[in-house]
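A quick write-up on the structure given underneath.
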Amino acid sequence: MKNTTLCYIEKDNQYLMLHRTKKEHDLNEGKWIGVGGKFEKDETPEECLLREVKEETGLTLISYQLRAVITFLSDEWETQYMYLFTANQFEGELKECDEGELKWVDKSRIFQLNLWEGDEIFLRPMMENKGFFTLKVVYKGDKLMESVLKKY
């Protein structure tokens with residue numbers, strides 16, 4: 001089981017999206033996702049979030065919010081607990097990412113991108129500011145088989 005973070009950074013009605021095209025043996029190859037990654041030893045979700053965002057984007061988050069905890073189950077991958085954040089204040093200059101192309105995308109165009117099916121499920125309540133929620137998604141290969149969303 002692994003713990004990860006994912007963050008959708010907001011600016012001018014856009015999200016900073018990462019098109020995963022550069023990393024070898026990438027589970028997310030070709031997909032558009034937020035930025036984040038795996039916890040290092042003894043990290044909290046917030047510490048992982050801040051480190052991963054800085055490493056991947058060059059940005060330092062000033063204001064961020066935990067929006068959800070998502071459980072990913074799969075017949076091919078290790079079980080994953082993902083802490084989903086949004087951020088709306090940051091400092092620094094955007095840098096090139098070694099995992100893919102970073103691009104500011106209008107929120108109205110997000111669902112036109114090549115997303116995981118499960119991401120489409122959590123993006124809707126996140127974008128609508130529906131409060132904290134949990135989501136369980138079950139994949140067989142890269143096909144979504146089940147999802148259970150619980151709002152609080």
Worksheet entry | Reported CZ-to-CG distance for the pair Phe122 and Leu115, which is rounded to 0.5 angstrom | 8.5 Å

Practice prompt. Only counting residues at least two apart or in another chain, list the ones meeting side chain to side chain contact (heavy atoms under 4.5 Å, CB included) with Asn114.
Written response: Lys31, Trp32

Discussion item. Any non-hydrogen side-chain atom of Tyr15 less than 4.5 Å from a side-chain atom of Met127?
Written reply: yes

Fill in: Leu113 with Tyr8, same ILVMFWY side-chain cluster at under 4.5 Å
yes

Practice prompt. Can you sort out the partners of Lys2 under side chain to side chain donor-acceptor pair (under 3.5 Å), two or more places apart, ordered by chain and number?
Written response: none

Validation: residues 76-95 side-chain donor-acceptor distances under 3.5 Å, sequence neighbours left out:
unit_1, atom_1, unit_2, atom_2, d
Glu78, OE2, Met1, N, 2.7
Gln80, NE2, Thr4, OG1, 2.7
Thr86, OG1, Arg67, NH1, 3.3
Asn88, OD1, Ser63, OG, 3.2
Lys95, NZ, Glu55, O, 2.8

Worksheet item: What heavy-atom pair brings Ile121 and Pro125 nearest, and what distance separates the two atoms?
Response: O-CD, 3.0 Å

Discussion item. Nearest 0.5 angstrom please: Thr5 OG1 to Glu47 CD, how far?
Written reply: 11.5 Å

Worksheet item: With distance as the sole test, does Glu56 use its side chain to make a donor-acceptor pair with the main-chain N or O of Gly36 at under 3.5 Å?
Response: yes

Worksheet item: Less than 4.5 Å apart, any side-chain heavy atom of Leu16 and any of Lys11?
Response: no

Response to the item:
Rounding to 0.5 Å, atoms CD1 (Ile33) and CG (Leu123) come to a distance of 11.0 Å

Could you give the side-chain donor-acceptor pairs of residues 102-111 under 3.5 Å, partners two or more places apart or in another chain?
unit_1, atom_1, unit_2, atom_2, d
Asp106, OD1, Gln14, NE2, 3.0
Lys107, NZ, Glu10, OE1, 2.9

Worksheet item: To the nearest 0.5 Å, how far apart are CD1 in Ile70 and CZ in Phe72?
Response: 5.0 Å

Fill in: Pairwise distance CG(Leu18) to SG(Cys7) - rounded to 0.5 angstrom
12.0 Å

Worksheet item: Do Leu135 and Leu73 belong together in a cluster built from hydrophobic side chains that touch within less than 4.5 Å?
Response: no

Item to complete: Output all residues satisfying side chain to side chain contact (heavy atoms under 4.5 Å, CB included) with Thr60, sequence neighbours left out; order by chain, then residue number.
Response: Lys54

Determine all donor-acceptor pairs shorter than 3.5 Å in which one atom belongs to a side chain in residues 137-152; sequence neighbours excluded.
unit_1, atom_1, unit_2, atom_2, d
Tyr139, OH, Gly118, N, 2.8

Worksheet item: Is the shortest heavy-atom distance from the side chain of Ile9 to the side chain of Val53 under 4.5 Å?
Response: yes

Discussion item. Can you list everything that forms a side chain to side chain donor-acceptor pair (under 3.5 Å) with Thr134? Sequence neighbours excluded, please.
Written reply: none

Fill in: Set of salt bridge (Lys or Arg N to Asp or Glu O under 4.0 Å) partners for Glu43, sequence neighbours left out
Arg51

Response to the item:
Sorted by chain and number, sequence neighbours left out, side chain to side chain donor-acceptor pair (under 3.5 Å) with Glu96 holds for Lys22

